[in-house]
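Please read through the structure below; I'll follow up with questions.
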Amino acid sequence: MSRKYLIAGNWKMNTTPSESVDLISEINSLVGQQTQVQVCVCPPFTSLQMSSGLLEQSEVQLGSQNMSAEPSGAFTGEISAEMLRDLYVNFVILGHSERRQYFGETNQSVNKKVLAAVQNNLKPIYCIGETLEERERNQTLDVVKSQVQEGLESFPINEVDNLVLAYEPVWAIGTGKTATDEMAQEVHSYVRNLVVDHFGDGPGSGIRILYGGSMKPENATGLLSQPDVDGGLIGGASLNARSFCSIVQSAIEI
Ligand code: 13P
């Protein structure tokens with residue numbers, strides 16, 4: 001089953017709206033017209049509207065970094081799926097380890113967001129991954145198994161084409177430590193088997209599983225060459241247009 005690479009940039013809490021103009025414009029001029037690899041940028045909420053305008057004629061897609069599970073109402077400070085769709089946001093990162101660690105998100109609470117996203121025509125990039133402690137205790141596969149099973153509970157089979165997973169070992173995020181190509185492939189192939197068991201062979205084999213955690217131009221080719229690595233979710237290196245687009249270029253060349 002051939003899966004189109006997705007290279008997504010998670011800008012986290014970086015870039016003001018005016019800084020975003022420069023970064024989006026540079027990314028757009030470098031990779032905005034190619035269609036071999038899907039590219040997505042996920043700026044902060046405050047930059048989405050402006051980014052949406054700048055990407056109107058571009059192949060680069062827009063994503064957000066979070067979303068409320070609730071449709072509307074008295075939820076001060078929250079952003080709904082409908083608000084994002086209205087700005088032509090296409091992807092939404094959900095369950096990032098920083099949301100789990102600092103904002104108390106759990107497999108169960110993220111599951112509600114994942115379901116709300118697909119009900120509103122947003123494509124979830126559902127993040128999973130173990131902490132260093134869990135890896136050292138040999139719990140990696142058990143942890144990702146419960147993240148997949150609980151986070152995707154009741155996920156509608158007819159929406160599987162819109163689902164993206166991202167394996168991000170927490171110990172590799174922002175630390176400069178990357179999983180080796182083999183470590184990444186081991187977990188990705190395990191996750192592939194889980195989704196194939198859950199959704200069936202056809203739909204499960206089509207799901208893209210991104211790798212995230214200190215991916216950069218120097219290690220992208222090795223990671224992206226693994227059979228079950230279908231793209232990258234890039235943090236630090238996505239804040240530099242040349243680095244980010246060089247990762248896109250690596251994916252094009254594989
Ligand atoms: P870094 O690429 O900075 O390690 O971040 C990865 C990440 O968390 C992407 O969501």
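When a ligand or atom number is given, it counts from 1 through the structure's own listing order. These values consider heavy atoms only, across backbone and side chains, with no hydrogens, waters or symmetry-generated copies.
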* How would you list, by chain and number, the residues with a heavy atom under 4.0 angstrom from ligand 1? -> N10, K12, H96, E168, A172, I173, G174, G213, S214, L233, G235, G236
* Rounded to the nearest 0.5 Å, what separation is found between the CG atom of L223 and the CD atom of E182? ->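 So the gap between those two atoms works out to 9.5 Å.
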* Listed partners of N14 passing side-chain contact (heavy atoms from CB on, under 4.5 Å), at least two apart -> K12, L239
* Asked: Atom CG of L94 and atom CD1 of I125: how far apart are they, to the nearest 0.5 Å?
  ->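 Taking CG in L94 and CD1 in I125, the distance rounds to 8.5 Å.
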* Can you name the residues that form a side-chain contact (heavy atoms from CB on, under 4.5 Å) with E19, not counting sequence neighbours? ->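 So E19 forms a side-chain contact (heavy atoms from CB on, under 4.5 Å) with T15, T16.
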* To do: Identify the two heavy atoms, one from C127 and one from R100, that lie closest to each other, and give their separation to 0.1 Å.
  => O-NH2, 3.0 Å
* To do: Report the residues that fulfil side-chain hydrogen bond (donor to acceptor under 3.5 Å, both in side chains) with S109, sequence neighbours left out, ordered by chain and then residue number.
  =>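 Result, side-chain hydrogen bond (donor to acceptor under 3.5 Å, both in side chains) vs S109: T106.
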